[in-house]
Colleague: 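Below you will find the structure I want to go over with you.
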2 protein chains.
Amino acid sequence: MAMRESLTVGAAAAETGWSARMLRYLEDQGLVLPRRTAAGYRLYGLSELNRLRSLRELRRRFGIELTELAFARRLRREPELRHAVDAWLATADDGGSWVEWEQRKHERLLAA
Amino acid sequence: MAMRESLTVGAAAAETGWSARMLRYLEDQGLVLPRRTAAGYRLYGLSELNRLRSLRELRRRFGIELTELAFARRLRREPELRHAVDAWLATADDGGSWVEWEQRKHERLLAA
DNA sequence: ATAACATTACCAGAAGCGTGTCAACGTTGT
DNA sequence: ACAACGTTGACACGCTTCTGGTAATGTTAT
């Protein structure tokens, strides 16, 4: 079965710390796309394995959701979207008003 | 009650097509932050009203979630996060493999 | 003084996300 | 041929998002 140079889904899961289920889910979400054998088996190569490992790290360090990552991808590929979002954020963020607001939010959370 | 130049929450809702409830929610999420009167009433000025209108437009045209918008804001204010995400996406998107994948996803959706 | 608005604090319900698990069935190494 | 792995599809559960409601209370215009 080995097919050295590429791991099948269970092996890739064991290697990266994800579950096989999640590897399929990540493919569904378009975040990590393995090749397939003729029979349809997923094949994870080095680049996919690294991608999976660094994805865990990303989530751990920054608390990112998968949907947010998918959205970041949309931002790069859809210039129109990117510009609209940028424009919207720009008109908000020049007033420094929300800094104080975040301060208050933080206080609210601490009080709980 | 008028206080021309600024609308209270109900009037701002009527004006922008949101519900008063949602205006309070949007404030909670830090997306549109009105000033307050001494008694604590929210006051929406022109810039907030425009912000509210364009927010509806953003959602309508692009199907954006509020969390995604909040994430886009994080991306602008946290350079470390931005770089990490960019790096992660870059290693994926140079292989053109995902274009075909999106094609297949589209087909799956049509078949439903 | 009263009606019409505002405030916060809750509960509720529909929809989506992140996971696990199970069933029915196909592939592969020995 | 058989065990061990893979495939898709479905159901389920806990959590969060978005949205509406209600209750108890404060403010303001007339």
Side-chain angles (χ1 to χ4, degrees), chain A residues 1-4 6-44 48 52 55-56 58-60 63-74 101 104-105 107-109 111-112, chain B residues 1-4 6-44 48 52 55-56 58-60 62-73 101 104-105 107-109 111-112:
Chain A
M1 176 170 288
M3 194 104 57
R4 257 305 88 40
S6 284
L7 301 186
T8 172
V9 72
E15 194 72 16
T16 59
W18 295 92
S19 66
R21 175 62 165 88
M22 279 308 291
L23 261 45
R24 301 196 184 98
Y25 182 67
L26 291 177
E27 183 179 14
D28 248 53
Q29 304 308 300
L31 292 173
V32 179
L33 308 169
R35 289 170 290 120
R36 299 296 191 109
T37 88
Y41 279 32
R42 290 169 180 79
L43 288 182
Y44 293 85
E48 284 83 14
L52 288 169
L55 179 52
R56 307 200 96 235
L58 260 190
R59 298 192 72 186
R60 198 185 58 69
I64 294 181
E65 310 284 333
L66 300 184
T67 45
E68 294 173 332
L69 209 43
F71 182 68
R73 194 185 48 198
R74 274 189 79 188
W101 165 86
R104 280 193 296 274
K105 174 183 199 175
E107 290 165 8
R108 281 201 307 275
L109 289 180
Chain B
M1 176 172 286
M3 193 102 61
R4 256 308 84 42
S6 283
L7 301 186
T8 174
V9 72
E15 193 72 15
T16 59
W18 296 91
S19 66
R21 175 64 166 85
M22 279 308 291
L23 262 43
R24 301 196 183 97
Y25 181 68
L26 292 177
E27 183 180 14
D28 248 54
Q29 304 307 300
L31 292 173
V32 179
L33 309 169
R35 291 170 290 119
R36 299 295 193 111
T37 89
Y41 278 34
R42 291 170 180 79
L43 288 181
Y44 293 85
E48 284 83 14
L52 288 170
L55 180 51
R56 306 202 95 233
L58 261 190
R59 298 192 74 188
R60 196 184 60 68
F62 299 103
I64 293 182
E65 310 284 332
L66 300 185
T67 47
E68 294 173 333
L69 211 42
F71 182 69
R73 196 182 46 196
W101 165 84
R104 278 193 297 274
K105 173 183 200 175
E107 290 165 8
R108 282 202 305 276
L109 289 180

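Numbers restart at 1 for each chain; the letters A, B, ... are given by sequence-line order, proteins then strands.
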Colleague: Go through D:dC18, C:dA6, D:dT7 for me and flag the one nearest to the A:Val9 side chain.
Modeller: D:dT7
Colleague: Just to verify, what does B:Arg24 make a side chain to side chain contact (heavy atoms under 4.5 Å, CB included) with, not counting sequence neighbours?
Modeller: B:Val9, B:Ala20, B:Arg42
Colleague: Output all residues satisfying salt bridge (Lys or Arg N to Asp or Glu O under 4.0 Å) with A:Arg35, sequence neighbours left out; order by chain, then residue number.
Modeller: none
Colleague: Give the rounded distance in Å between these two atoms: CD of B:Glu27 and C1' of C:dT7.
Modeller: 11 Å
Colleague: Please report, rounded to the nearest Å, how far the P atom of C:dG16 is from the CD1 atom of B:Ile64.
Modeller: 17 Å
Colleague: If the cut-off is 4.0 Å, is B:Arg59 near the phosphate of D:dT19, judged by side-chain N/O to OP1 or OP2?
Modeller: yes
Colleague: B:Ala39 or B:Leu66: which one's nearest nucleotide on DNA chain D is closer to the 5' end?
Modeller: B:Leu66
Colleague: At under 4.0 Å, does any side-chain N or O of A:Thr8 touch on OP1 or OP2 of D:dG6?
Modeller: yes
Colleague: Write down the distance between OH (A:Tyr41) and P (D:dA4), rounded to a whole number of angstrom.
Modeller: 14 Å
Colleague: Under the salt bridge (Lys or Arg N to Asp or Glu O under 4.0 Å) rule, collect the residues that match up with B:Arg104, sequence neighbours excluded.
Modeller: none
Colleague: Side chains of A:Thr16 and A:Tyr44, heavy atoms from C-beta outward: is any pair under 4.5 Å?
Modeller: no
Colleague: D:dT19 P sits how many Å from B:Arg56 CZ, rounded?
Modeller: 9 Å
Colleague: Scan residues 17-25 of chain B against DNA chain D and write down, sorted by residue number, each residue with any heavy atom closer than 4.0 Å; if none is found, say none.
Modeller: B:Ser19, B:Arg21, B:Met22, B:Tyr25
Colleague: How would you list, by chain and number, every residue that makes a side chain to side chain contact (heavy atoms under 4.5 Å, CB included) with B:Ala70, sequence neighbours excluded?
Modeller: B:Arg73
Colleague: Tell me whether the OP1 or OP2 atom of D:dT7 has a side-chain N or O from A:Arg42 closer than 4.0 Å.
Modeller: yes
Colleague: Rounding to a whole Å, what distance do you find between A:Phe71:CZ and C:dG16:P?
Modeller: 18 Å
Colleague: Whole angstroms only, please: what is the CG-C1' distance between B:Leu55 and D:dC18?
Modeller: 13 Å
Colleague: State which residues pass side chain to side chain contact (heavy atoms under 4.5 Å, CB included) with B:Ser19; sequence neighbours excluded, sorted by chain then number.
Modeller: B:Arg21, B:Met22
Colleague: Measure the shortest side-chain to side-chain distance between A:Ile64 and B:Phe71 over non-hydrogen atoms and say whether it is less than 4.5 angstrom.
Modeller: yes
Colleague: B:Arg60 has an atom CZ; how far is it from atom C1' of D:dC18, in whole Å?
Modeller: 19 Å
Colleague: Let me know, please, whether B:Ala11 or B:Glu65 comes out on the 5' side of the other along DNA chain C by nearest nucleotide.
Modeller: B:Ala11
Colleague: Nearest whole angstrom, please: distance from the P of C:dC5 to the CG of B:Leu43.
Modeller: 16 Å
